[in-house]
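Have a look at the structure below, then the notes.
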Amino acid sequence: MIISSWNVNSINVRLPHVLDWLGKVKPNVLCLQEIKCIDEKFPRQAFEDAGYHCEIFGEKTYNGVAIISDSKPDSVQRGFLGEKEPFSRRFIEAKFGNVSVLDVYIPNGQAVGSEKFFYKLNWLKALKNHLMTEHSPNDLLAICGDYNIAPEHRDVYDPVEMKDQILFSDEEKDALKDIQNWGLVDSFRLFNDEAGHYSWWDYRMNSFRRKMGLRIDHIWVTESLSKHCTQSWIDIEPRKLEKPSDHAPIAARFEF
DNA sequence: ATGGTGGATGGTCCA
């Protein structure tokens, strides 16, 4: 089973890249973030023609998540329980057999100390609360998505320049560590200890060509699911195409 | 030097 994730920065602009990638990698599940459209404008038919099922939680202009899968999930939850409108659509979860797949688009946070920064920290608390109330660390569970946090020094191109900056501040990393301590492991780090592997590069300043990136997209899994994980990787090829997303897709393979 | 690029939108907001 391959579970994957991609912040596409508009599903309608990125549709050709996503369909091409699905055909090449053939993941069983693809979690999308930043689809940037309401459910009615999601290109559902194109995915169904490719043999995939769509569970969409979109909104106009901003955010929006969706779970694409080769089999219909047994259950789906949109947003956190008890969350009241208006809220940004950044969370959708689907269960496939006994495997729970959580698709997250963690807020960017704009700048350390800003209003959006505290919104981000609060959102992380809500995610932790969701795990504590709706799941057990013994579940077969994966959290896939754009975390908008680089967990360690080796995940950023320049730890000195990034120190105390958004996406790498101690407060963000501590909040994420708190979630990790619930019982999660970073699937990518099960197989690769090297620095210099990134999943996002700013569109500006030729960041991709200059290898100035961050590893902020992740598939974190519970201990029990990690025992089935045989591969976890970042596919930077789509980032090289014309009109790319600023994020690369990531994927992990599980054998049961 | 607070720049720059891209997406949705239709003037700016967001990343």
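Worth saying up front: this structure is predicted, and the values here are computed from it rather than measured. All chains are named by letter (A, B, ...) in the order of the sequence lines, taking the proteins before the strands, and each is independently numbered beginning at 1. Values below: every heavy atom of this structure, side chains too, minus hydrogens, waters and symmetry copies.
Under the 4.0 Å criterion applied to side-chain N and carboxylate O atoms, A:Arg215 and A:Glu152 are not assigned as salt-bridge partners.
Here the separation of B:dA15 from B:dG3, taken at their C1' atoms, is 16 Å to the nearest Å.
Here the C1' atom of nucleotide B:dT5 and the CE atom of A:Met212 are 14 Å apart, to the nearest Å. When rounded to the nearest whole Å, the span between CG of A:Asn108 and P of B:dC13 equals 16 Å. The nearest whole Å value for the distance from the CG atom in A:Asn63 to the P atom in B:dA8 is 13 Å. Between A:Asn9 atom CG and B:dT5 atom C1' the separation is 11 Å, expressed in whole Å. A:Ile11 has its CD1 atom 16 Å from the C1' atom of B:dG6, to the nearest Å. Counting to the nearest Å, the C1' atom of B:dT2 and the CD atom of A:Gln110 are 13 Å from each other. Across the protein-nucleic acid pair, A:Glu59 atom CD and B:dA8 atom C1' stand 12 Å apart, rounded to whole Å. If you take NZ of A:Lys60 and P of B:dC13, they are 15 Å apart, rounded to a whole angstrom.
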Please tabulate, for the side chains in residues 1-12 of chain A, all donor-acceptor contacts under 3.5 angstrom to protein atoms that are two or more places apart in sequence or on a different chain.
{"unit_1": "A:Ser4", "atom_1": "OG", "unit_2": "A:Val29", "atom_2": "O", "d": "2.8"}
{"unit_1": "A:Ser5", "atom_1": "OG", "unit_2": "A:Gln33", "atom_2": "NE2", "d": "3.0"}
{"unit_1": "A:Ser5", "atom_1": "OG", "unit_2": "A:Gly145", "atom_2": "N", "d": "3.3"}
{"unit_1": "A:Trp6", "atom_1": "NE1", "unit_2": "A:His247", "atom_2": "O", "d": "2.9"}
{"unit_1": "A:Asn7", "atom_1": "OD1", "unit_2": "A:Asn9", "atom_2": "N", "d": "3.1"}
{"unit_1": "A:Asn7", "atom_1": "ND2", "unit_2": "A:Glu34", "atom_2": "OE1", "d": "3.1"}
{"unit_1": "A:Asn7", "atom_1": "ND2", "unit_2": "A:Asp146", "atom_2": "OD2", "d": "2.9"}
{"unit_1": "A:Asn7", "atom_1": "ND2", "unit_2": "A:His247", "atom_2": "NE2", "d": "3.4"}
{"unit_1": "A:Asn9", "atom_1": "OD1", "unit_2": "A:Lys36", "atom_2": "NZ", "d": "2.8"}
{"unit_1": "A:Asn9", "atom_1": "ND2", "unit_2": "A:Tyr203", "atom_2": "OH", "d": "3.1"}
{"unit_1": "A:Ser10", "atom_1": "OG", "unit_2": "A:Val13", "atom_2": "N", "d": "3.2"}
{"unit_1": "A:Asn12", "atom_1": "ND2", "unit_2": "A:Lys41", "atom_2": "O", "d": "3.2"}

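Here A:Trp201 pairs with nothing under the side chain to side chain donor-acceptor pair (under 3.5 Å) rule; sequence neighbours left out. Applying the side chain to side chain contact (heavy atoms under 4.5 Å, CB included) test to A:Asp139 and every residue at least two apart in sequence or in another chain returns A:His135, A:Ser136, A:Leu141. Residues meeting the side chain to side chain contact (heavy atoms under 4.5 Å, CB included) test with A:Glu40, sequence neighbours left out: A:Ile38.
Residue A:Arg204 has no polar side-chain atom (N or O) positioned under 4.0 Å from OP1 or OP2 of B:dC14. A sub-4.0 Å separation between OP1 or OP2 of B:dG6 and a side-chain N or O of A:Arg14 is absent.
Centroid-to-centroid, the aromatic rings of A:Phe80 and A:Trp123 come within less than 6.0 Å.
Residues from residues 35-46 of chain A placing a heavy atom under 4.0 Å of any atom in DNA chain B, listed by number, are A:Lys36. A heavy atom closer than 4.0 Å to some atom of DNA chain B occurs in no member of residues 155-177 of chain A.
Of the two residues contacting DNA chain B, namely A:Val13 and A:Trp200, the nearest-nucleotide position lying further toward the 5' end is that of A:Val13.
Identified under the salt bridge (charged side-chain N to carboxylate O under 4.0 Å, His left out) test for residues 4-29 of chain A, with sequence neighbours left out: A:Asp20-A:Lys24. Sorted by first and then second residue, the salt bridge (charged side-chain N to carboxylate O under 4.0 Å, His left out) pairs with a member in residues 196-209 of chain A read A:Asp202-A:Arg204; sequence neighbours excluded. Here ring pair (Phe, Tyr, Trp, His ring centres under 6.0 Å) pairs that include residues 170-193 of chain A, with residues two or more places apart or in two chains, are A:Phe188-A:His197.
Within the 4.0 angstrom heavy-atom criterion, only backbone atoms of the sugar-phosphate kind lie near A:Arg90; the bases stay farther away. Note on A:Phe208: nothing from the nucleic acid sits closer than 4.0 angstrom, heavy atoms only.
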